[in-house]
Protein chains: 2
Amino acid sequence: MSLKDEIHEQPAVLSKILQSQADPIRRIASALHAQEVHSVLLAARGTSDNAGVYAKYLWGAYNHLPVAMAAPSLFSCYKKLPAFKDTLVVAISQSGESPDIVGVVEEGYRQGAPTLAITNAVDSPLARAAHATIDICAGEEKAVAATKTYTAQLMAIAMLSSALDGDDERWRALEKVPGLVSQTLALDEAVRQRAERYRFMDHCVVLGRGFNYATAFEWALKLKELAYVIADPYSSADFQHGPVAMLERDFPVLAVAPDGAVFDDTLALLTRLREEQRVELLVISDRDEALSLAHTPLKLPAGLPEWLTPVAAIAAAQLFCYHVTRAKGLDTESPRGLRKVTLTH
Amino acid sequence: MSLKDEIHEQPAVLSKILQSQADPIRRIASALHAQEVHSVLLAARGTSDNAGVYAKYLWGAYNHLPVAMAAPSLFSCYKKLPAFKDTLVVAISQSGESPDIVGVVEEGYRQGAPTLAITNAVDSPLARAAHATIDICAGEEKAVAATKTYTAQLMAIAMLSSALDGDDERWRALEKVPGLVSQTLALDEAVRQRAERYRFMDHCVVLGRGFNYATAFEWALKLKELAYVIADPYSSADFQHGPVAMLERDFPVLAVAPDGAVFDDTLALLTRLREEQRVELLVISDRDEALSLAHTPLKLPAGLPEWLTPVAAIAAAQLFCYHVTRAKGLDTESPRGLRKVTLTH
């Protein structure tokens with residue numbers, strides 16, 4: 001399977017996790033309710049860490065759970081350990097192998113905290129270390145750049161959020177995701193044509209906020225890994241506290257701006273960047289007001305509530321990264337200097 | 001006062017906060033002990049957010065306090081609020097004015113959580129909203145790029161950590177900081193000469209880990225704000241999970257690598273980047289093994305324990321950013337597109 005195959009496999013993977021993991025995830029949610037968990041410590045690296053950013057916003061917004069991103073080096077290098085109290089320890093890892101991530105779960109387990117692994121490898125060291133495991137059901141991922149495992153992680157996180165608050169309407173929204181991701185992937189040929197424009201782009205900023213802060217990070221990471229573009233991700237709020245100074249006329253700005261609670265603020269920023277700073281703008285959105293500002297508009301299908309837009313938005317971004325990598329004549333399957341599984345301590 | 005004056009004012013500011021805030025900080029620590037705080041929610045943006053990253057590592061390592069970085073948009077845009085339970089809410093802000101940051105403290109107060117402001121403006125909306133305030137005593141900061149307020153924030157965070165665990169040896173280490181920052185600032189002329197080499201650098205990555213993860217972020221932010229360099233900060237561990245693919249021969253890599261628990265791992269990475277990937281390396285360190293790898297070595301004075309090296313390391317980095325900005329003929333006092341106080345919602 002090539003990277004492109006894996007990108008297009010995503011609707012099938014999302015359907016599979018929805019079907020096969022709904023019951024296990026509901027059982028995990030019941031157990032967590034019984035344990036009166038009040039906060040989450042989350043450990044992950046790379047693409048999985050970006051899925052963790054989504055968990056931070058989603059569980060914070062819908063489940064009243066403050067999520068702290070673990071600093072694995074506190075465990076592995078400093079041997080100094082935060083105290084776990086009423087805290088769920090969650091680790092997200094495709095391979096389930098990185099020792100520093102496994103170490104966070106082991107320490108949580110030792111202190112008596114409930115622990116959860118979200119992984120593509122249910123017989124991995126990580127899965128063995130945790131009390132409970134969500135199988136993201138993505139099948140083997142051959143391309144070094146993660147795509148289907150990222151959206152499957154997002155789905156697992158969204159399913160757990162819905163199970164924790166037991167809202168049937170949210171489950172019905174989840175069931176629309178595979179179809180809407182499939183519609184998004186129909187942008188493939190249009191994106192291929194637009195990608196030519198970015199043949200010589202060597203840097204950019206990537207903006208997203210709220211639930212799509214994660215999308216900005218994952219989009220930027222894919223651009224770095226695949227196309228060797230120096231892509232700097234920012235929340236559109238943080239961006240105004242300093243980094244906006246970098247911008248000059250024609251600076252490439254990529255933005256994800258779907259409808260929702262942060263749309264108006266993001267639209268105001270994009271309008272200012274386009275009209276005053278005259279940047280080059282690519283926008284992924286389901287709203288015409290935002291798309292009409294862009295040199296390259298990538299239109300998302302309508303029909304997803306804001307909290308699920310990150311799954312469709314990253315699919316559009318993956319197509320963009322794939323085709324820019326091809327336009328640059330680079331290797332989409334095995335980026336230089338990377339292995340599929342990175343072990344850090 | 002110019003930016004350069006403010007950089008050189010830092011030893012005096014650090015002495016002042018040490019002297020005038022020791023008693024208030026010890027009282028705050030006693031009150032927090034009495035309230036059995038088990039975790040921290042921290043809200044900040046821009047440079048203050050980088051100080052928050054230092055708090056996350058320091059309080060995690062020394063005070064067994066897991067620190068969650070707040071997602072202000074959860075409060076301001078989504079109106080969906082995490083539950084506070086045994087949680088100290090900390091906001092860091094030079095001006096104490098940004099509405100989204102004040103909003104996090106107000107919500108904490110409303111829910112009955114203890115709240116703490118770390119600010120340079122003790123009569124600001126933020127200070128008025130919080131139960132307790134640490135005055136960072138930095139005096140007016142005129143340059144748009146924050147320097148002395150950042151190191152003063154680090155000092156406040158380090159003093160609170162030491163007060164919370166009541167360790168006299170750590171207080172004695174704190175007292176060495178102003179003198180060692182002063183020694184670091186004696187690099188000024190040497191850095192000015194070296195800065196010529198970076199006249200045409202338009203991008204780079206900045207690496208740091210553990211306590212100096214914050215240094216990597218703040219160094220990168222100063223390069224963006226002042227010198228318009230696209231500077232991408234990474235922990236040296238996360239960097240290996242994808243972004244390392246961007247590197248090619250002569251890619252500029254800036255690293256902070258003082259002695260300590262993460263030194264060996266960082267040294268191994270820098271050795272590999274230099275010898276195999278042939279990158280261009282600038283290193284801030286007190287260890288000759290790391291400095292000898294660098295095209296530009298910036299030597300820190302010996303004598304600081306690892307947890308206090310971020311204060312001296314960023315002083316060297318500030319000199320670098322200042323002189324690169326001058327070498328590029330840019331405005332050190334008022335970067336384009338920025339105001340001193342940024343109000344985000």
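Chain identifiers are assigned alphabetically (A, B, ...) following the order of the sequence lines, protein sequences preceding nucleic acid strands; residue numbering begins at 1 within each chain.
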Who are the side-chain contact (heavy atoms from CB on, under 4.5 Å) partners of B:Ser98, not counting sequence neighbours?
A:His241, B:Asp100, B:Ile101, B:Thr344
Non-hydrogen atoms of chain B under 4.5 Å away: do they reach the side chain of A:Ala220, the backbone, both or neither?
neither
Can you tell me how far apart CG (A:Asn63) and CG (A:Leu32) are? Round to the nearest 0.5 Å.
10.5 Å
In terms of heavy-atom pairs under 4.5 Å, which option from B:Ala71, B:Gly46, B:Ala146 contacts chain A the most?
B:Ala71
Using the six-membered ring wherever Trp is involved, compare the ring planes of A:Phe211 and A:Tyr54 and label them parallel, tilted or perpendicular (cut-offs 30° and 60°).
perpendicular
Interface moiety of B:Val67 toward chain A, non-hydrogen atoms closer than 4.5 Å
backbone
For A:Val229, which atoms come within 4.5 Å of any heavy atom of chain B: side chain, backbone, both, or neither?
backbone
Where the side chain of A:Thr266 meets the backbone of A:Val262, is there a donor-acceptor pair that is under 3.5 Å apart?
yes
Ion pair present between B:Arg278 and B:Asp250, side-chain N to carboxylate O less than 4.0 angstrom?
no
Top residue by heavy-atom pair count (under 4.5 Å) with chain A, among B:Ala261, B:Ser48, B:Gly260?
B:Ala261
For A:Ser235, is it the side chain, the backbone, both, or neither that has a heavy atom closer than 4.5 Å to a heavy atom of chain B?
side chain
If you count heavy-atom pairs within less than 4.5 Å of chain A, which of B:Met69, B:Glu248, B:Met246, B:Lys56 leads?
B:Met246
Set of salt bridge (charged side-chain N to carboxylate O under 4.0 Å, His left out) partners for A:Asp49, sequence neighbours left out
none
Atom CG in B:Asn212, atom CH2 in B:Trp307: separation rounded to 0.5 Å?
13.5 Å
Under 4.5 Å heavy-atom distance to chain B, tell me which part of A:Tyr234 shows up: side chain, backbone, both or neither.
side chain
Quick one: which of B:Asp265, B:Val244, B:Ile230 has the most heavy-atom pairs under 4.5 Å with chain A, could you say?
B:Ile230
For B:Asp331 and B:Glu333, indicate whether the former's side chain and the latter's backbone hold a donor-acceptor pair under 3.5 Å.
yes
Under a 4.5 Å cutoff for heavy-atom pairs, which residue among B:Gln277, B:Glu306, B:Glu276 has the most contacts with chain A?
B:Glu306
Greatest number of non-hydrogen atom pairs under 4.5 angstrom with chain A, of B:Val40, B:Leu42, B:Leu247, falls to B:Leu247
